[in-house]
Amino acid sequence: MKIKVSKDFTLSPGPREIKQGEFSGELFRQTVLLDAYNKSKNAGEKLVVDLDDVFGYFESFLEESFGGLVRVDKVNKKDLLSRLELVSKDDPSLKERIISFIKNA
Amino acid sequence: MRKKNPKYNQWTKDRSSRIFLHKLYRKKKNISFRIVKKNVRHSQELRSFVPANFSLTDNFEEVAKYFNELRVNLSKDRIHTSIDFKMENITNITADALMYLLTFIKNGYQFSHLEYMGGHLPKSEKCKEFVRTSGFLKYLMTNIETTNSEENTFIRVGQKTTPTHIAELCDFVNKKFNTPRIFTNMLYNTIGEIMDNATKHAYSDKNIPLWQKWLMYSRFQNNTVQITILDSGQGIIKSMAKKLFERIAVPPDKELLISALNGEDRSATGKKYRNKGLPRIVSNAKSKYYSKLVLITNKVCYSIIDGNEKIIEYNSNIKGTLYYLELKKEKQNED
């Protein structure tokens, strides 16, 4: 199961919560990410998230999207870490940061 | 008073003539910009002399003191109903001070007796041209012809976090530097955190100005992009979560700011997974992507210039938070 942020959501990811502004992490998690995770889990596949080709990311967007899966949607942390595959050639440090948000959620 | 009352008729006549005289007064004085309330009455004018070096980043103490004294005087004073900002003697002006003046004017109606605020452009040609091309005059009522400044300047004002504005700024920088979109990923991240903090925390206090906006200004000059972002809220220090013992024995503001910039548990929301933004801004600046970062909030100034950190605590303070960033074209080509 593969999703690409720039195609499936937006070129300009926004703040943390929906009430703070457009293209938020909360909106991304609710409309794209959680659904993709559930589908990949049901099919027994990896979830590949392509983070490239956007203008950039807010730190809070990443934390709310990925950390929020564990914190808000009660996704199993171990399962998420084993299933998730991140693609980020533009900024390799993104992978590390997202993993850390999931672990600390 | 009842309408049939002769005193009422006389009062309406007098009122019309006062409005006429006031308009004539403004025309004669050749006022450059103004904010006018309805039902203007005869005004007692306060002349407010703006500092010659009108810059918060270069001349913080004097400019901050100027605004604070003006604010205090206006809150006590009930005689003056108008202000004339005397800007003629300005010899140096930067966007941060101009933006702060704009927020001061926009919030001027918190002084209920104030009915009119106006001013003149600086005499210095360089400063006059700066103000004219800055784009700020479009936020004020003015007869001055502003030069089309979109080519080398970029100005946006907003209330919520708007990633599309940040994307536009990135496009502006990439166009000037002739770089691909990936080059401004770090800039997008930095500006996003700054704007997000301004939206979430700057105006969370109840006793805050009514014009609750952030301002973003960018200018390309001499192969350098200068970016200034300002809000006139409560400032980082006041919005920070303080530990229990700190509420009794309050540490110096610069220590509090350093702890927030280092990512210590200082989120205003009290949640541990927050407060990632400020440390991210600092780590981006330390990476030398920016040749200069200046953060001024309340009375603390934190700067990183060519990788060298410095923190100063001033005597005066400002309401709000100011960020100034510089990117140099040669630096990017070297990298």
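A, B, ... follow the sequence lines: proteins, then strands. Residue 1 opens every chain. Quick note: numbers below take in every heavy atom, side chains included, and nothing from hydrogens, waters or symmetry partners.
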| Between CG on residue B:N189 and CZ on residue A:F55, distance to nearest 0.5 Å | 14.5 Å

| B:I166 CD1 to A:S12 OG distance, which is reported to the nearest 0.5 Å | 8.5 Å

In terms of heavy-atom contacts, does [atom1] of [X] have more than 12 from other residues, nucleotides or ligands at under 6.0 Å?
X: A:K41; atom1: NZ; answer: no
X: A:N42; atom1: CG; answer: yes
X: A:E96; atom1: CD; answer: no

| query | Side chain, backbone, both or neither: which part of A:F58 has an atom under 4.5 Å from a heavy atom of chain B? | reply |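 For A:F58, the contact with chain B is made by backbone and side chain together.
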
| Contacting moiety of A:D53, where chain B heavy atoms sit under 4.5 Å |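 Only the backbone of A:D53 comes within 4.5 Å of chain B.
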
| request: Report the option among B:T190, B:T184, B:N185 that has the most heavy-atom pairs separated by less than 4.5 Å from atoms of chain A. | output: B:N185

Can you find a heavy atom in the side chain of [X] that is under 4.5 Å from one in the side chain of [Y]?
X: A:E59; Y: B:E193; result: yes
X: B:Y188; Y: A:P13; result: yes
X: A:S60; Y: B:D196; result: yes

| field | Proximity breakdown for B:I191 and chain A, heavy-atom pairs closer than 4.5 Å | value |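 Nothing of B:I191, per the 4.5 Å heavy-atom cut-off to chain A.
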
| Which atoms form the tightest heavy-atom contact between A:Q20 and B:K160, and what is the distance? | O-CB, 3.6 Å

| task | Just do the side-chain contact (heavy atoms from CB on, under 4.5 Å) check on A:E22 and B:T161 with the steps written out, would you? | result | CA-CA 7 Å; A:E22 50 190 7; B:T161 306; over 6 Å; no

| remark: Under a 4.5 Å heavy-atom criterion, the part of residues 27-38 of chain A in contact with chain B comprises none

| request: Verify, without hydrogens or angle tests, whether A:D90 (side chain) and B:I182 (backbone) share a donor-acceptor contact under 3.5 angstrom. | output: no

| For A:K103, which residues count as a side-chain contact (heavy atoms from CB on, under 4.5 Å) partner, sequence neighbours excluded? |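 Residues passing side-chain contact (heavy atoms from CB on, under 4.5 Å) with A:K103: A:L81, A:I99.
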
